[in-house]
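Each chain gets a letter, A, B and so on, in the order its sequence line appears, and its residues count up from 1. Just the heavy atoms: all of them, side chains too, but no hydrogens, waters or symmetry mates, feed the values below.
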There are 2 protein chains.
Amino acid sequence: MTPRAERIPAEERREQILAAATTVFGELGYAGATTDRVARAAGISQPYVVRLFGTKEQLFLETLDRTLARLLASFRAALAEDAPGDATDREARLGAAYLELVEDRGTLLTLLHGFMMGSDPVIGPAARDGFLQVFRMLRDEAGFTPEQIHRFLADGMLINTLLASGIGLAAKRDRDAADLMDCTFGAHVAEVLERASA
Amino acid sequence: MTPRAERIPAEERREQILAAATTVFGELGYAGATTDRVARAAGISQPYVVRLFGTKEQLFLETLDRTLARLLASFRAALAEDAPGDATDREARLGAAYLELVEDRGTLLTLLHGFMMGSDPVIGPAARDGFLQVFRMLRDEAGFTPEQIHRFLADGMLINTLLASGIGLAAKRDRDAADLMDCTFGAHVAEVLERASA
DNA sequence: CCCTCTTGTAATCATTCGATTACTCCATTT
DNA sequence: AAATGGAGTAATCGAATGATTACAAGAGGG
């Protein structure tokens with residue numbers, strides 16, 4: 001039949017699909033997402049997604065790689081800003097970089113869904129390796145102390161979880177939910193989280 | 001055909017199924033788990049699981065309730081120990097209670113998988129409500145300060161994520177993985193995590 | 001002894017989903 | 001103008017899965 005989608009170079013189309021997949025996998029997880037939903041989000045047909053990536057598993061792996069690369073790139077950019085080399089200052093800059101990533105819900109949620117798949121024989125190792133890349137970055141490139149690493153990762157995971165649970169939506173009606181977000185991160189971060197949940 | 005499974009009162013059988021479901025959902029998540037795997041883990045047939053719980057969704061909701069109840073009960077028991085009422089001391093006792101829960105991988109992982117389902121119209125609200133119950137407990141019953149709540153939840157989520165990712169397995173072979181666990185939680189907690197991942 | 005209720009299964013159904021196949025359309029080349 | 005190859009889809013297939021149905025087997029009561 002007449003192709004509805006514009007004809008676009010395969011390389012560019014792959015990138016569109018990966019962007020769509022980041023959103024869909026972030027929202028529904030690996031098992032919950034379907035190749036058809038990714039295809040619709042990318043504006044093309046389901047078989048084409050499969051043809052360009054081989055399998056759903058491979059699509060997820062490439063999506064995971066892409067989100068991890070974005071995370072690391074964002075951190076490295078924050079570290080590269082010309083600023084005093086103080087460790088506390090670097091911590092603040094990385095924190096700000098993380099908060100900017102929250103704006104693109106899909107990136108952080110896809111990463112988190114990857115971490116949750118530890119028992120998968122293929123995705124599990126890939127996700128663990130990604131986690132370790134982040135760890136090494138904080139240790140070797142950011143020069144964080146163990147305690148700084150601990151705090152940074154813990155705060156990140158809490159943000160991820162609150163984001164994934166969609167508690168920002170509840171915060172508009174539920175007083176306790178709003179309290180929780182203010183309480184755990186202060187008004188500024190809470191506002192970012194709430195905005196991203198909408 | 002001759003029933004292989006022993007005849008057991010329905011109420012008791014439900015509890016067995018919920019225990020099995022906690023393990024299976026914790027490992028595979030809601031979408032990734034099948035009613036058949038839960039049934040096999042409980043030693044009965046798949047249709048019987050469906051009959052006793054109606055739908056897979058309902059089974060997950062009840063499993064979630066059960067895990068949340070266990071978490072809260074464990075915390076309340078820790079708070080009830082006769083000991084000086086100091087807030088820092090309560091924090092330590094709740095932390096120890098949490099670490100004990102890690103031993104039963106399924107409980108914490110099922111909760112975490114529930115939190116990840118924020119976009120589900122039925123499970124999402126239930127999971128958010130569960131999160132808020134924990135929050136209110138820390139605030140009202142444990143008397144935690146906002147900063148204490150923040151730290152406690154953040155550490156919990158990091159533990160959950162490391163547990164889910166199965167990084168304890170990698171720690172045996174990968175030096176960085178072992179470093180990560182030691183680094184973020186100190187040798188004691190790292191050992192618990194490693195044991196629970198096996 | 002029969003009746004009935006509870007516990008449980010085998011068989012099967014309908015749907016969903018990932019994947020495959022065979023095709024169309026269009027641009028470029030020769 | 002015919003040939004080639006890349007971009008894309010419709011149709012369909014097979015496996016998996018949640019759910020339904022119909023049935024079996026034992027326990028207890030009258």
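- Atom CZ of A:Phe60 and atom C1' of C:dA19 are 20 Å apart (whole Å).
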Can A:Arg151 and A:Gln148 be said to form a side-chain hydrogen bond (donor to acceptor under 3.5 Å, both in side chains), step by step?
CA-CA 5 Å; A:Arg151 269 210 313 267; A:Gln148 280 181 310; over 6 Å; no

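- Comparing D:dA7, C:dA19, C:dG8 against the side chain of B:Ile8 picks out C:dG8 as the nearest.
- Contacts of A:Ala33 with the nucleic acid, taken as non-hydrogen atoms under 4.0 Å apart, involve only primed sugar atoms and P, OP1 or OP2.
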Determine, step by step, whether A:Gln133 and A:Arg136 satisfy the side-chain hydrogen bond (donor to acceptor under 3.5 Å, both in side chains) criterion, reporting the C-alpha distance in whole Å, the side-chain angles of both residues, the deciding distance to 0.1 Å, and the verdict.
CA-CA 5 Å; A:Gln133 284 186 49; A:Arg136 281 190 292 266; 5.9 Å; no

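- Of the candidate nucleotides C:dT9, C:dG18, D:dA7, C:dG18 has the atom lying nearest to any side-chain atom of A:Lys56.
- Between the P atom of D:dT17 and the OH atom of B:Tyr30 lies a distance of 14 Å, rounded to the nearest Å.
- In this structure, B:Thr34 does not reach the D:dT17 phosphate: none of its side-chain N or O atoms is under 4.0 Å from OP1 or OP2.
- The separation between B:Arg37 atom CZ and D:dG18 atom P is 12 Å, rounded to whole Å.
- One can place CG of B:Asp36 at 16 Å from C1' of C:dC13, the figure rounded to the nearest angstrom.
- Across C:dC26, C:dA22, D:dA19, the shortest atom-to-atom separation from the side chain of A:Arg7 is found for C:dC26.
- Atom CZ of B:Phe53 is separated from atom C1' of D:dA19 by 16 Å (rounded to the nearest Å).
- Considering only the side chain of A:Arg51, D:dG8 comes nearest among D:dG8, C:dA10, D:dA11.
- In this structure, the CD atom of B:Glu57 is 18 Å from the P atom of D:dT17, given to the nearest Å.
- For A:Tyr48 and D:dG8, the shortest distance from a side-chain N or O to OP1 or OP2 is below 4.0 Å.
- Ion pairing of B:Asp89 with B:Arg93 is present here, as a side-chain N (NZ or NE/NH1/NH2) and a carboxylate O approach within less than 4.0 Å.
- Ring pair A:Phe25/A:His113: centre-to-centre distance not below 6.0 Å.
- A heavy-atom distance below 4.5 Å is found between the side chains of B:Glu62 and B:Leu18.
- Atom pair B:Glu11:CD and C:dT6:C1' shows a separation of 14 Å (rounding to whole Å applied).
- Between B:Ile44 atom CD1 and C:dT6 atom C1' there is a gap of 14 Å when expressed in whole angstrom units.
- For D:dG18, one of the phosphate oxygens OP1 or OP2 lies less than 4.0 angstrom from a side-chain nitrogen or oxygen of B:Thr35.
- The residue among B:Ser45 and A:Gly32 whose nearest nucleotide of DNA chain C is located toward the 5' end is B:Ser45.
- Among the atoms of the strands shown, only primed sugar atoms or phosphate atoms (P, OP1, OP2) are found under 4.0 Å from some heavy atom of B:Arg13.
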